[in-house]
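Written out below as structure tokens is the structure these notes cover.
Counting starts at 1 for both ligands and their atoms, in listed order. Start at 1 with the first residue, then count along the sequence.
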Amino acid sequence: MEKSHSRATFGGRISAVLVTAGSAVGLGNIWRFPYVAGENGGGAFLLVYAGCILLLGLPLTIAEFAIGKSTRCNAVGAYRRLAPRWSIIGYTGILTSTLILGFYFVVAGWTAEYMLHSLTGEIAARGEAESHRLLFERFIADPWRPALYAVAFAVATQLVISLGVRRGIERAAKVMMPLLFLALLALAVHSILLPGGLEGLRFFLAPDFSKLTASSVLTALGQAFFSLSIGLGTMVTYASYFTPSTDIRRTAWQVTAVDTLVALLAGLVIFPAVFSAGIEPDSGPSLVFITLPTIFGTLPLGGLWSAIFFLLLVIAALTSTISLHEACTAYLHEEWRLPRRTAACCTTLVTVLLGIFASLSFGVLNGWRIGSLTLFDALDHLTADLLLPLGGLMTCLFAGWHRHPKALYETLYRDPRLGIGDRTLRFLLRYVCPAVMVLLFLDSLGIG
Ligand code: PFF
């Protein structure tokens with residue numbers, strides 16, 4: 001427990017499932033999943049996504065948990081202890097976390113603005129989807145407000161991290177998870193019953209493979225990793241706070257199941273409403289911010305429901321930003337030996353700067369392009385479509401092929417002679433995961 005003084009409250013008190021599910025469930029499920037599913041044809045994408053979760057996401061989550069739990073170190077330190085040459089996985093992870101945090105603060109800020117909008121009656125007063133689209137577009141192009149919200153969100157994350165009010169987060173997560181789930185369930189029923197809702201249900205659930213390309217399979221994989229918070233060391237960091245008695249496989253199953261269910265429910269809310277309101281399902285990152293307010297507009301006391309829903313979303317986003325922030329802070333604190341508070345400030349400073357630029361890329365900095373992408377889109381795609389799958393690939397090569405130090409072997413596998421479940425896990429980590437990822441990379445580079 002030599003490092004536990006800086007982390008104790010996180011690991012000891014909060015159950016493993018709650019913390020990791022708090023990281024996994026977030027804007028990735030409710031904002032990102034529907035928009036990438038909509039851009040990639042709906043039903044077929046869902047099927048591929050489920051396959052990615054089961055065959056790649058789950059084994060990798062178990063591997064990351066084992067790496068963190070057996071070393072009790074931050075992402076870089078964990079690999080350095082196990083096999084110094086593989087520390088590159090940890091460094092890539094820290095870079096990815098920083099980049100994700102940059103654009104995640106922006107979207108999290110949007111949810112906070114929408115929560116306040118709901119309270120002021122702005123949401124309920126607008127009826128048509130078109131009017132919500134205008135409101136959203138005007139808001140994100142504003143030079144000040146969205147950037148200020150992103151900064152406010154970063155400050156809130158920093159406060160929670162540095163004040164150590166983790167019991168608050170634990171309590172919030174305990175109440176928030178079931179509430180978010182119930183709210184989504186109720187909204188899904190309402191949405192499916194809207195006129196035209198069934199068409200949306202068909203789009204989301206009936207697979208049309210003609211829309212599927214290799215690049216959409218890579219997108220599904222990246223989305224699965226983004227949603228499960230894997231491929232970048234966040235789960236390694238969190239698992240380093242697990243108690244010795246934590247069952248990593250059960251925890252991985254539970255987190256994966258909860259996370260996937262929330263994404264599925266989000267799809268059941270969004271797509272029927274999208275078709276009912278005549279919105280294009282491939283409208284990209286704005287999809288949820290136009291669709292959800294439109295549904296709330298059709299409900300009695302819509303403003304109130306909308307405020308509650310966006311509040312839940314703000315909390316879900318906060319538990320995810322905390323995990324991303326924690327991965328970077330733990331790295332700076334333990335590897336660079338910075339005092340924890342200084343480490344947290346450095347993380348906030350760098351990511352908030354990125355966030356401000358990403359936010360401005362919807363307005364005044366829209367002309368700054370990386371290829372054809374704005375900074376926001378570039379951060380989103382670079383991380384989810386390249387860095388996360390790359391981090392995942394390196395992690396399974398490490399977990400599947402590197403000769404394991406005893407502590408890792410004993411944490412990863414239950415049986416020294418490899419029982420049935422162990423053999424399946426090793427087969428997936430050794431062959432299936434790397435093969436799928438290499439093929440996808442080659443295909444998306446136009447090779448093969
Ligand atoms: N899994 C989070 C979500 O779905 O919103 C996002 C995320 C959190 C990604 C933490 C990566 C991470 F390390």
Exercise. Once the angle between the rings of Y149 and F139 is folded into 0 to 90°, is it parallel (under 30°), tilted (30 to 60°) or perpendicular (over 60°)?
Worked result: perpendicular

Exercise. What residue and heavy atom of the protein are closest to atom 1 (N) of ligand 1, and at what distance?
Worked result: F226 O, 2.8 Å

Exercise. Short list, please: which atoms of ligand 1 are under 4.0 Å from a heavy atom of N29?
Worked result: 4 (O)

Problem set entry | Y104 touching ligand 1 at heavy-atom level, < 4.0 angstrom | yes

For this session: May I ask you to list the atoms of ligand 1 that are less than 4.0 angstrom from any heavy atom of L27?
Result: 5 (O)

For this session: Could you grab the distance from atom OG1 of T256 to atom CG of L58, nearest 0.5 Å is fine?
Result: 4.5 Å

Seminar exercise, completed: Under 4.0 Å from one or more heavy atoms of T234, ligand 1 contributes atoms 12 (C), 13 (F)

Exercise. According to the interplanar angle, ranging from 0 to 90°, do the rings of H402 and W86 count as parallel (below 30°), tilted (30 to 60°) or perpendicular (above 60°)?
Worked result: perpendicular

Exercise. Between the main-chain N or O of L425 and the side-chain N or O of Y413, is there a donor-acceptor pair closer than 3.5 Å?
Worked result: no

For this session: Fit a plane to each ring of F103 and W31, take the angle between them on a 0 to 90° scale, and name the class: parallel (under 30°), tilted (30 to 60°) or perpendicular (over 60°).
Result: tilted

Problem set entry | side-chain hydrogen bond (donor to acceptor under 3.5 Å, both in side chains) partner of Y241, chosen from R72, K69, E326 | E326

Problem set entry | Given T157, T98, T348, T234, the one that forms side-chain hydrogen bond (donor to acceptor under 3.5 Å, both in side chains) with H325 | T348

Seminar exercise, completed: Heavy-atom proximity to atom 2 (C) of ligand 1 ranks first, among G28, G391, S23, G231, for S23

Problem set entry | For atom 8 (C) of ligand 1, closest protein heavy-atom neighbour | S229 OG, 3.3 Å

Problem set entry | Close-contact set for ligand 1 against S227 heavy atoms, below 4.0 Å | 1 (N), 4 (O)

For this session: With atom 3 (C) of ligand 1 as the reference point, say which of G22, S323, A327, A24 has the nearest heavy atom.
Result: A24

Problem set entry | Residue and atom name of the nearest protein heavy atom (relative to atom 12 (C) of ligand 1), distance in Å to one decimal | L324 CD2, 3.3 Å

For this session: Could you tell me whether a side-chain N or O of R249 sits under 3.5 Å from a main-chain N or O of L412, the two making a donor and an acceptor?
Result: yes

Exercise. What part of D259, side chain, backbone, both or neither, has a heavy atom within less than 4.0 angstrom of ligand 1?
Worked result: neither

